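Heads up: the structure comes next, in structure tokens.
Bear in mind that the values here come from a model prediction, so they are computed numbers and not experimental data. Counting starts at 1 for both ligands and their atoms, following the listed order.
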Amino acid sequence: MDLIVRQARRRRETSVCDIGVAAGAIVAVEPRVSARATREIDAGGRLVTPPLVNPHVHLDKALLGDVMRPNRSQTLPEAIEITWDFKRAYTEQDIVERAGAVIEMAVREGTLVVRAFADVDTVGGLMPVRGLLAARARYRHLVTMEIVAFPQEGILRDPGTETLLREAMALGADVVGGLPWYEMTDEDARRHVDVVFAIARERDADIHMLVDDTDDSNSRSLEYLAVKTKRERYGGRVSASHCGALAAYNPTYAAKVIGLVKEAGISIVSNPHISLVLAGRRDAEPVRRGITRVRELVRAGVNVASGQDDVNDPYYPFGRASQLEVALFMAHTAHLTYPDELETVFDMVTINAARAMRLPRYGLAPGDAGDLLVWDAGTVKEALARQRPPAHVVRGGVDVARTTITSELTR
Ligand SMILES: [Zn+2]
């Protein structure tokens with residue numbers, strides 16, 4: 001064997017086991033593996049999990065926060081405008097460097113799979129896609145990256161984008177993105193969804209749209225997306241991020257839409273720390289939390305995942321590319337703090353995100369990919385509370401990152 005992790009504690013298990021990896025895959029999970037391996041890690045009873053998965057991050061815009069002009073109106077529309085200045089001047093090298101810095105951060109924090117959104121529009125053309133394709137090639141040894149061709153300026157609102165989306169998919173993007181709520185009319189929002197499905201069908205590609213990212217209860221593209229997904233029999237292949245308006249709907253309509261989402265088999269991706277700062281800006285007290293109806297969606301059996309979204313860019317000033325931090329924010333924002341609920345928030349950045357992306361061989365059973373994390377904690381609760389990066393990050397049976405933290409009281 002290439003690697004054995006000794007005395008590993010899997011989630012919800014009281015006893016420990018040894019995990020053996022050979023030729024990039026898990027081949028043994030047993031109380032004691034008697035074989036020896038070239039490399040052995042003593043987990044010593046610490047928590048071992050599959051890697052973190054980030055289903056939503058904008059690597060093309062990442063780290064623009066330090067060089068951008070101030071957002072004077074402190075609004076989302078101005079954040080989009082600020083990005084235009086950069087998009088016109090992007091180079092492939094510039095995108096690779098910024099994306100690469102975030103990928104390196106993410107890997108240290110235990111994220112080995114990312115779904116990266118690349119803006120596709122008439123402002124920046126295909127440069128963001130080219131940049132992320134180059135970043136994917138350069139960091140292939142560290143991370144698995146899916147690229148979403150994302151129409152950040154709308155499709156009908158930004159004529160020419162439909163053609164660019166087709167070109168982006170032909171260049172090598174994997175997933176068709178969407179932003180229906182940003183169109184000028186409800187009718188255009190529906191046409192936007194139709195165009196995305198047409199392109200996805202042509203390429204046999206999955207879909208990930210940013211849906212109803214607004215406090216406006218009149219924004220109703222999630223309902224249409226769910227119905228379209230059902231009619232197109234695209235269940236399991238469609239994700240919808242944000243869906244903040246769902247929280248603003250009246251309870252009867254919200255229940256109807258959640259039912260449709262469940263029936264359609266759409267995954268919902270909620271990015272709590274971003275919604276906390278961008279939504280509710282016009283609210284008088286009490287100010288809403290901005291996330292979608294996460295608890296109700298979970299209770300209805302919808303697959304809910306959570307992502308980083310932004311790292312130090314015009315939308316958000318912080319971000320360590322830590323999915324463990326994202327899960328901690330979700331616990332707070334969605335009121336998910338009881339023991340089972342802490343497992344639920346950890347699911348959102350691991351197995352639920354993997355399900356949304358239809359990742360093959362994700363888990364800790366024989367036959368799964370040899371990707372795993374040894375945490376500096378015994379349980380999920382402890383990992384969430386301590387917020388330390390994993391002690392060991394293993395990809396395909398090979399160490400790709402490790403963290404040692406030392407601190408001492410000096411008197
Ligand atoms: Zn986003």
Under 3.5 Å, is there a donor-acceptor pair between the H58 and D313 side chains? no
If we ignore angles and hydrogens, is there a donor and acceptor under 3.5 Å between the side chains of W84 and E153? yes
How many angstroms lie between atom CZ of R46 and atom CZ of R9, to the nearest 0.5 angstrom? 11.5 Å
Ignoring hydrogens and angles, tell me if any N or O in the side chain of D2 forms a donor-acceptor pair with the backbone of A23 under 3.5 Å. yes
Distance criterion under 2.8 Å: protein N/O/S atoms around the Zn ion (ligand 1): 3
Is the distance between the ring centroids of Y182 and H192 under 6.0 Å? no
Would you kindly say whether N71 and Y315 are connected by a side-chain donor-acceptor distance under 3.5 Å? no
